[in-house]
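Accompanying notes for the structure given below.
All ligand and atom numbering here is 1-based and tracks the order in the structure.
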Amino acid sequence: MPGVPPHGTGEPTGGRPLRTGRSRTRRRVLKTAGGLLGAGVLVGGAYAVNFAVVYNGRKQSNVGKLKFANAVHIPRLLEGRTDGAGRLFELKARAGTTELLPGKQTPTWGVNGSFLGPTLRARRGEKVRIAYDNRLPEATTLHWHGMHLPATMDGGPHQMVQPGAVWKPYWTIEQPASTLWYHPHPHEETADHVTRGIAGMFILDDEKEIEERTGLPRDYGVDDIPLIVQDRTFNDDGTMEMRGASTLESFAGVGGLGVLGDTILVNGTYDPHLKVTSTLVRLRLMNASNARVYNFGFTDDREFHLVAQENGLLERPVPLRRLQLAAAERAEIVVRFEPGHKTVLRSFEPDLGIGFPTARMDGGQDTFDIIELRAAQRLSKSEPLPGRLRDAPPAIEVPGDAKVRKFRMSGTQINGKDMEMTRVDVVAAARAVELWDVTASGDGMHTLHVHGLAFNVVRYKGKRPPAHLRGAKDTVHVPAGETVRLAVAMPRYVNADFPYMFHCHVLKHEDRGMMGQFTVVRPGTEADAPRTVSAHH
Ligand code: C2O
Ligand code: CU
Ligand code: CU
């Protein structure tokens, strides 16, 4: 970018100075050495002592330690400016400091603020334009997770925005109502940029008449509440822990998930509560953590209704008492309240599908209180929960001759390969429905996310998926040693030279190379499509 200042001019720079990229080669050597050493030292005596220390320190819980002292921050709803050319959202990313913990200043990054970003909201059929002004001290991107849009607008690793530059993507909303999000996606730096605080929610609505007919709570911040759940670990000086597992843990091949924080933030609020003012509340749960899996439920074990997966409404509400969400998954739930009652949203021990000792290292025995919900003495009466969410998108229809692809997630690779910016891993026909069989090796937990589209889970652990995994998704947890079959509905936007990403949403895995690229081409031209793309666009 010519003529662009190297630093975010005129803004506080609580971040770190510009730095030159890390050596990829060094990382690869470390990874290999780690594997070998890990295998060797697991049986070694001195190591076993150290391992016990690390291991015992790993079970984490805040249950009983919170006072729910702070009203949860509701991110500002940015509706943007509308004119003939559509709806324009102006976003500015910058570094700053935020008092996340009482009395401590934490260096953070944020969008239109110092930590996290506003909620964006747009309606089906609308044209959306974004002006993303990067005042951060380094290059970044902004990706629209779950959005169906052309690859050139997707904000993946090919769309770096230099410091001082403004990126202006635009597209038309052509998908059903859903709870999406945005976050940076720079090659090998996603965990870093997301941890510092760049993330926010993007709500899509159906056409107005449809929204009104559906009858779900929809008054943002009143009975329709965003809950962005993140875990962080804070150092004594207020800074956030960025590295995660120690070298020792990486060598053992365990705890390799990056930061599994001991402190929960909801919309950036520590120790939060929410005042409930209506009999039904819709909670848009978003797991914006780097790796942690939450198993949500309430401390009084009350039933709640799942109404939407991350890429859209379900056909009908599904009653549940527990709902597990892996990193980057979202869900909309509706909870009923009686006047004056209180309950706590808690994350119970998640089922990671992995055995001892890895499950414990990966948070499989952790429990966290997330937020207390306090119903007022007088509640306004909500419309009854509809029995059918009428405008749920129909299931993706799989033709008999659908192409079947196999993906094996192991270590931090997919099908034995590291991400390569110039390699196209999959060429697919526009609007084709494909079957993706995604297998996780036995040694770790992974979460697959595919850009630019929705998929249905058609087999989960060898069975028809449970009701709460049906519906339109864009991210799915793949339990260790299991295969998940997805019906993937390819985007309609054709571009043989510009790829979409698919990857593990454990951000450390993604950064280490657990990502591949797919292009979408005109049906019938797959065989002639280029298998390489330019690394820089
Ligand atoms: Cu949530 Cu490739 O991203
Ligand atoms: Cu995405
Ligand atoms: Cu992974």
Side-chain angles (χ1 to χ4, degrees), residues 31 140-151 153-159 169 175 178-191 193-195 198-202 228 230 244-245 253-258 260 286-293 310-311 325-330 352-354 358 362-363 407-415 418-419 421 438-455 473-482 484 488 491 499-518:
K31 187 152 65 171
T140 188
T141 83
L142 201 62
H143 164 59
W144 318 102
H145 182 127
M147 196 75 74
H148 303 186
L149 75 185
M153 307 294 166
D154 189 43
H158 291 271
Q159 284 142 318
Q175 69 192 93
S178 45
T179 301
L180 313 182
W181 64 306
Y182 58 88
H183 64 77
H185 217 299
H187 191 44
E188 301 181 336
E189 299 287 346
T190 295
H193 291 199
V194 174
T195 303
I198 308 285
M201 194 174 274
F202 201 142
I228 302 173
Q230 298 178 300
V254 292
L257 296 176
L260 277 181
M286 173 168 133
N287 181 353
S289 304
N290 286 10
R292 185 177 288 289
V293 177
E310 57 260 6
N311 225 265
L325 290 188
E329 283 186 306
R330 290 91 60 210
L352 304 180
I354 37 181
T358 322
D362 289 354
F407 300 91
R408 187 178 164 79
M409 306 179 84
S410 177
T412 56
Q413 296 183 319
I414 300 177
N415 289 345
D418 281 323
M419 158 78 172
M421 291 284 283
V438 186
T439 304
S441 61
D443 58 2
M445 67 170 216
H446 303 289
T447 294
L448 187 83
H449 164 53
V450 188
H451 284 210
L453 53 75
F455 56 71
K473 290 179 65 62
D474 57 50
T475 308
V476 67
H477 185 66
V478 187
E482 300 282 353
V484 173
V488 178
Y500 294 99
M501 306 294 129
F502 59 92
H503 59 90
C504 182
H505 223 289
V506 171
L507 296 183
K508 182 172 171 182
H509 292 179
E510 177 189 333
D511 286 344
R512 292 270 171 105
M514 201 166 210
M515 177 150 63
Q517 310 195 96
F518 70 102

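- Two rings, from His183 and His193, have their centers 6.0 Å or more apart.
- Checking Glu510 against His449 by side-chain atom types alone, no donor-acceptor pair falls below 3.5 Å.
- Looking only at atom types and distance, the side chain of Thr190 has no donor-acceptor partner in the side chain of His143 under 3.5 Å away.
- Note on ring orientation: taking the six-membered ring where Trp is involved, the planes of Phe502 and Phe518 are tilted (angle from 30° to 60°).
- Taking backbone and side chain together, His449 holds no N, O or S atom under 2.8 Å from atom 1 (Cu) of ligand 1.
- The Cu ion (ligand 3) lies under 2.8 Å from an N, O or S atom belonging to His446.
- Restricting His145 to its N/O/S atoms, the shortest distance to atom 1 (Cu) of ligand 1 is reached by ND1.
- Distances from the Cu ion (ligand 3) to each N, O or S atom of His509 single out ND1 as the nearest.
- Atoms NE2 of His503 and NE2 of His185, as seen from atom 2 (Cu) of ligand 1, are separated by an angle of 110°, to the nearest 10°.
- The minimum distance between atom 1 (Cu) of ligand 1 and any N, O or S atom of His183 involves atom NE2.
- Between the side chains of Asp154 and His185, no donor-acceptor pair of N or O atoms lies under 3.5 Å.
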